[in-house]
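Here the structure is laid out as structure tokens; the discussion comes afterwards.
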Amino acid sequence: MSIPASRIWRVVLALVIVSTSALVVSANELPAVIERVRIDPQSLAIKVPARSTHALRLTLILLEGAGWERQEVLAAVATASGWLGQCGLRIESLEFMRVSVSPDYLDLFTPLSRELAASLAPVPPAIYFVRETRQRPAFDAEAIGRRNSRRRPEMTDSVWVTRAAPDLAVVLAHELVHVLSNSGDHVALDGNLMLDASDPRNTRLTEGQCAQVRTVGTRNGLLRSLERG
């Protein structure tokens with residue numbers, strides 16, 4: 001019994017599609033956590049505000065191959081914490097994760113970054129240290145709060161920082177304020193941390209900004225009040 005040529009070609013085409021799909025899945029293997037440690041904030045000489053009113057815990061996610069070094073990240077977090085201390089915030093705990101990923105996951109790109117975030121499911125707020133961004137418009141760093149995560153819910157309450165970000169400590173503090181206050185607003189106040197351009201001379205926060213950070217951050221479960229009870 002002979003098999004029609006058209007049927008043979010349909011079988012061949014199906015096999016090609018299956019093989020191609022397998023290659024795509026293989027190329028985008030899910031991330032693997034190769035290091036996960038708790039870091040005592042006191043070991044980083046993090047400056048504690050004179051009057052701490054709220055505690056903040058952070059998850060730091062460093063992608064292998066993105067060009068970041070652990071010590072530069074921790075040093076920037078320690079510096080940034082001093083500026084957040086203006087609002088009575090102190091870092092209560094730090095979780096550091098080093099993650100191995102396929103090259104496609106190294107850059108911020110919503111379809112794949114959603115997969116990455118869903119796979120890791122870190123305690124928020126989480127800071128991802130990536131290589132570059134494939135988003136348009138392109139930003140050196142991006143904060144994803146409740147307001148701008150409707151189409152990427154897995155990435156809610158996270159910050160994504162690329163290697164192009166200048167003044168890393170300033171960028172981290174700036175983006176964390178966006179997330180904690182659930183606001184993308186910038187200001188035009190000289191020396192303010194929330195100016196559109198990151199600069200080590202721009203580190204101040206107003207009491208109004210701090211009040212929003214504390215109120216919204218606590219309501220969204222990102223901060224823990226130290227004054228209750």
Side-chain angles (χ1 to χ4, degrees), residues 28-49 55-85 89-109 112-135 138-144 154-180 193 198-200 203 222-224:
N28 291 329
E29 292 178 356
L30 290 178
V33 177
I34 55 180
E35 181 183 9
R36 187 171 198 156
V37 295
R38 295 271 183 187
I39 297 176
D40 182 358
Q42 293 185 354
S43 70
L44 302 179
I46 287 180
K47 185 177 180 180
V48 177
L56 169 67
R57 57 183 181 181
L58 289 176
T59 303
L60 311 176
I61 301 169
L62 190 152
L63 303 186
E64 284 283 284
W68 293 97
E69 297 294 335
R70 172 174 170 163
Q71 285 310 117
E72 71 172 317
V73 165
L74 294 178
V77 169
T79 302
S81 71
W83 298 322
L84 296 176
L89 274 56
R90 68 171 173 84
I91 295 183
E92 180 177 50
S93 67
L94 284 171
E95 182 174 35
F96 177 84
M97 299 171 63
R98 194 159 53 94
V99 182
S100 174
V101 297
S102 64
D104 286 343
Y105 288 101
L106 287 175
D107 303 326
L108 173 58
F109 180 54
L112 293 178
S113 297
R114 287 181 64 181
E115 292 182 10
L116 175 64
S119 174
L120 297 176
V123 174
I127 305 174
Y128 293 80
F129 295 88
V130 300
R131 183 178 58 186
E132 298 175 1
T133 181
R134 292 161 60 188
Q135 300 291 96
F139 300 105
D140 294 339
E142 186 170 354
I144 303 173
E154 303 87 349
M155 301 165 69
T156 302
D157 297 327
S158 66
V159 172
W160 300 70
V161 187
T162 74
R163 282 302 307 173
D167 304 307
L168 181 57
V170 179
V171 169
L172 290 180
H174 177 102
E175 301 300 337
L176 279 170
V177 168
H178 277 314
V179 168
L180 294 171
L193 179 65
S198 297
D199 188 295
T203 59
L222 303 176
L223 295 174
R224 183 175 66 85

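Because the structure is predicted, anything quoted here is derived from the model rather than measured. Residue numbers start at 1 and run along the sequence shown.
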Residue pair Leu89, Leu180: steps toward the side chain to side chain contact (heavy atoms under 4.5 Å, CB included) verdict: CA-CA 11 Å; Leu89 274 56; Leu180 294 171; 3.8 Å; yes
Under the salt bridge (charged side-chain N to carboxylate O under 4.0 Å, His left out) rule, what pairs show up with a residue in residues 70-79, not counting sequence neighbours? Glu35-Arg70, Glu72-Arg163
Pairwise distance [atom1]([X]) to [atom2]([Y]) - rounded to 0.5 angstrom:
X      : Y      : atom1 : atom2 : answer
Ser93  : Asp40  : OG    : CG    : 10.0 Å
Tyr128 : Leu60  : OH    : CG    : 11.5 Å
Leu112 : Ser102 : CG    : OG    : 7.5 Å
Leu84  : Arg90  : CG    : CZ    : 13.5 Å
Leu44  : Thr79  : CG    : OG1   : 10.0 Å

Could you tell me if the side chain of [Y] sits less than 4.5 Å from the side chain of [X], heavy atoms only?
X      : Y     : result
Arg131 : Leu63 : no
Pro125 : Leu56 : yes
Val77  : Ile91 : yes

For [X], what residues pass the side-chain hydrogen bond (donor to acceptor under 3.5 Å, both in side chains) criterion, not counting sequence neighbours?
X      : result
Ser158 : Trp160
Arg134 : none
Ser198 : none
Asp199 : Arg201

Shortest non-hydrogen contact between [X] and [Y], atoms and distance:
X      : Y      : value
Ser100 : Glu64  : CA-CB, 4.3 Å
Ala165 : Asp140 : CA-CB, 3.7 Å
Ile144 : Met155 : CD1-CE, 3.4 Å
Asp157 : Val179 : CA-CG1, 3.8 Å

Residue list, side chain to side chain contact (heavy atoms under 4.5 Å, CB included) with [X], at least two apart or on another chain:
X      : answer
Asp167 : Val170, Pro200
Pro31  : Val99, Val101, Leu116, Ser119, Leu120
Ala55  : Glu92, Arg224, Leu226
Thr133 : Leu108, Gln135, Ala138, Thr162

Residues forming a salt bridge (Lys or Arg N to Asp or Glu O under 4.0 Å) with Arg36, sequence neighbours excluded: Glu95
Could you pull out every donor-acceptor pair under 3.5 Å between side chains of residues 171-178 and any protein atom, sequence neighbours left out?
{"from": "His174", "atom 1": "ND1", "to": "Leu193", "atom 2": "O", "distance (Å)": "2.8"}
{"from": "His174", "atom 1": "NE2", "to": "His178", "atom 2": "NE2", "distance (Å)": "3.0"}
{"from": "His174", "atom 1": "NE2", "to": "His186", "atom 2": "NE2", "distance (Å)": "3.2"}
{"from": "Glu175", "atom 1": "OE1", "to": "Ala143", "atom 2": "N", "distance (Å)": "3.3"}
{"from": "His178", "atom 1": "ND1", "to": "Ser183", "atom 2": "O", "distance (Å)": "2.7"}
{"from": "His178", "atom 1": "NE2", "to": "His186", "atom 2": "NE2", "distance (Å)": "3.3"}

Glu132 backbone acceptor or donor facing Asp107 side chain under 3.5 Å: yes
Residues at least two apart in sequence or cross-chain that pass ring-ring contact (aromatic ring centres under 6.0 Å, His included) with Trp68, listed by chain then number, are Phe129
